[in-house]
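One structure is given below, encoded as structure tokens.
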Amino acid sequence: FVSAIMMTLDLTLGTSFFMPAIVSRGQSLGHSGGSPILFQHLFWFFGHPEVYILILPGFGIISQVVATFSKKPVFGYLGMAYAMVAIGFVGFIVWAHHMYTVGMPVTGQLFFMYATTLIAVPTGVKVFNWVASLYKGSIQYSTAMLYAAANFFLILVGGLTGIPLAMTSLTLHLAETYFVMAHFHFIMGIMATFAVFASVYHWFPKMTGKMYNETLGKISFALNFIGARVEHLGGFARRGASCQTPPWHAQAPHSPRDSGRDRRAGGRSGEPAVAVRSGAGGGAAKGGGVGAPQRRPHRDSRRRARRHGP
């Protein structure tokens with residue numbers, strides 16, 4: 001909201017929060033000093049904690065569903081509560097891992113890299129406690145339980161793909177690629193949606209007093225789970241890191257032997273050889289004819305020609 005107000009002021013009142021220089025018809029208007037990177041900081045300071053704020057209720061739903069359909073209390077309930085608090089706190093100090101490519105100082109990159117890696121600890125605690133809650137439980141594989149259990153797979157894949165994105169050296173190549181989009185959709189797009197589905201199938205009978213068709217519910221889960229995997233297989237164009245050959249390396253230079261051979265043939269490096277007339281005592285090249293290139297006379301032939309004269 002704040003960044004939207006600042007951008008509106010830049011466009012209407014001529015301020016320069018985000019514009020390094022304002023030029024109109026080749027003339028500077030005197031408004032300068034802004035930074036477009038400031039907009040990125042404000043956007044991601046809001047955008048990244050928002051992801052965790054939206055997924056935290058999903059974590060609570062999963063815990064409730066797992067406890068109900070495994071007929072066991074959640075393993076390590078206090079640890080689960082502290083893990084959610086830790087995720088919410090650390091989520092506010094990792095926003096700039098989206099901005100490794102803007103020219104951030106190395107110290108800043110290291111801080112955000114370590115903080116992003118640290119957030120995997122409370123997330124791992126939650127996954128471990130969910131799996132431990134299922135251990136030796138009387139599990140009922142209802143539709144709600146299937147959606148909750150599917151989140152174990154989603155958070156595992158999403159978390160493992162998040163580790164490379166936390167590393168500055170790898171993000172320089174992976175930024176804005178399909179890899180980042182897949183990581184985001186595993187966590188935010190699909191996991192949050194599956195948590196909502198789990199809550200609907202879990203609480204709908206309690207709220208309405210009517211039971212849904214379990215067979216149709218499981219069919220819907222199978223279609224959603226498979227469809228969420230294959231909907232992006234076609235992909236679309238994304239930026240990818242590439243290494244283009246510089247123009248000065250487009251053509252490999254001639255070796256000294258090739259250059260010497262070209263000079264002896266009367267031409268420059270890279271140019272076709274020019275035919276050379278034969279001197280006295282010299283003969284035409286083999287297979288020569290009219291217009292065929294002539295070989296230089298042998299050194300002894302030139303000496304005999306100078307000694308005896310024409």
Side-chain angles (χ1 to χ4, degrees), residues 47-48 50-72 74 80 87 119-120 123-135 137-166 170 174-208 210-240:
H48 197 82
E50 177 203 16
V51 173
Y52 290 103
I53 290 173
L54 291 178
I55 200 61
L56 285 179
F59 288 163
I61 292 171
I62 296 171
S63 299
Q64 181 69 29
V65 172
V66 168
T68 300
F69 291 99
S70 64
K71 297 180 175 58
K72 283 181 57 182
V74 176
M80 295 282 276
I87 291 173
I119 206 170
T123 306
V125 169
K126 297 191 69 63
V127 176
F128 174 80
N129 288 2
W130 286 332
V131 175
S133 300
L134 297 175
Y135 180 67
S138 180
I139 304 174
Q140 179 185 352
Y141 292 101
S142 64
T143 305
M145 184 61 188
L146 292 177
Y147 275 110
N151 280 308
F152 299 169
F153 168 75
L154 296 175
I155 197 172
L156 177 64
V157 176
L160 292 178
T161 54
I163 294 175
L165 294 176
L170 294 178
L174 296 176
E176 300 181 12
T177 62
Y178 211 67
F179 187 88
V180 179
M181 196 191 77
H183 161 75
F184 174 80
H185 280 82
F186 262 96
I187 296 296
M188 185 58 214
I190 305 175
M191 185 175 178
T193 304
F194 275 26
V196 172
F197 283 151
S199 66
V200 171
Y201 281 103
H202 177 54
W203 280 294
F204 177 81
K206 296 183 178 181
M207 292 186 295
T208 62
K210 297 180 180 181
M211 188 62 185
Y212 58 87
N213 188 304
E214 193 68 45
T215 302
L216 293 179
K218 292 180 179 180
I219 293 175
S220 71
F221 164 75
L223 293 176
N224 285 327
F225 186 79
I226 297 174
R229 306 283 78 73
V230 301
E231 65 173 334
H232 296 299
L233 289 183
F236 53 89
R238 300 288 289 178
R239 186 194 71 82

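Starting from 1, each residue takes its place in the sequence as its number. Bear in mind that the values here come from a model prediction, so they are computed numbers and not experimental data.
- How far CG of Leu170 is from CG of Leu165: 8.5 Å, rounded to the nearest 0.5 Å.
- For the pair Lys72 and Ser133, the minimum side-chain heavy-atom distance is 4.5 Å or more.
- Nearest heavy atoms, His202 versus Phe69: ND1-CE1, 3.4 Å.
- Listed for the His185 side chain is a donor-acceptor partner under 3.5 Å among the backbone atoms of Met181.
- At most 12 heavy atoms of other shown residues, nucleotides or ligands fall within 6.0 angstrom of atom NZ in Lys210.
- Counting only N and O atoms by type, the side chains of Ser220 and Tyr201 include a donor and acceptor under 3.5 Å apart.
- Nearest heavy atom pair, residue Pro164 against residue Leu174, reads CB-CD1, 4.4 Å.
- Phe194 contributes atom CZ, which lies 13.0 Å from atom OG of Ser199 (distance to the nearest 0.5 angstrom).
- For Phe179, the CZ atom sits in a packed shell: over 12 heavy atoms of surrounding residues, nucleotides or ligands are nearer than 6.0 Å.
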In a table with atom names and distances, give each donor-acceptor pair under 3.5 Å that connects a side chain of residues 142-160 to protein atoms at least two apart or in another chain.
unit_1	atom_1	unit_2	atom_2	d
Ser142	OG	Met145	N	3.4
Thr143	OG1	Glu214	OE2	2.6
Tyr147	OH	Asn224	ND2	2.8
Asn151	ND2	Tyr147	O	3.2

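- Applying the ring pair (Phe, Tyr, Trp, His ring centres under 6.0 Å) criterion to His183, with sequence neighbours excluded, gives no partner residue.
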message: Checking Leu134 against Val66 for the side-chain contact (heavy atoms from CB on, under 4.5 Å) test, could you report, in this order, the C-alpha distance in whole Å, the side-chain angles of both residues, the deciding distance, and whether it holds?
response: CA-CA 7 Å; Leu134 297 175; Val66 168; 3.7 Å; yes
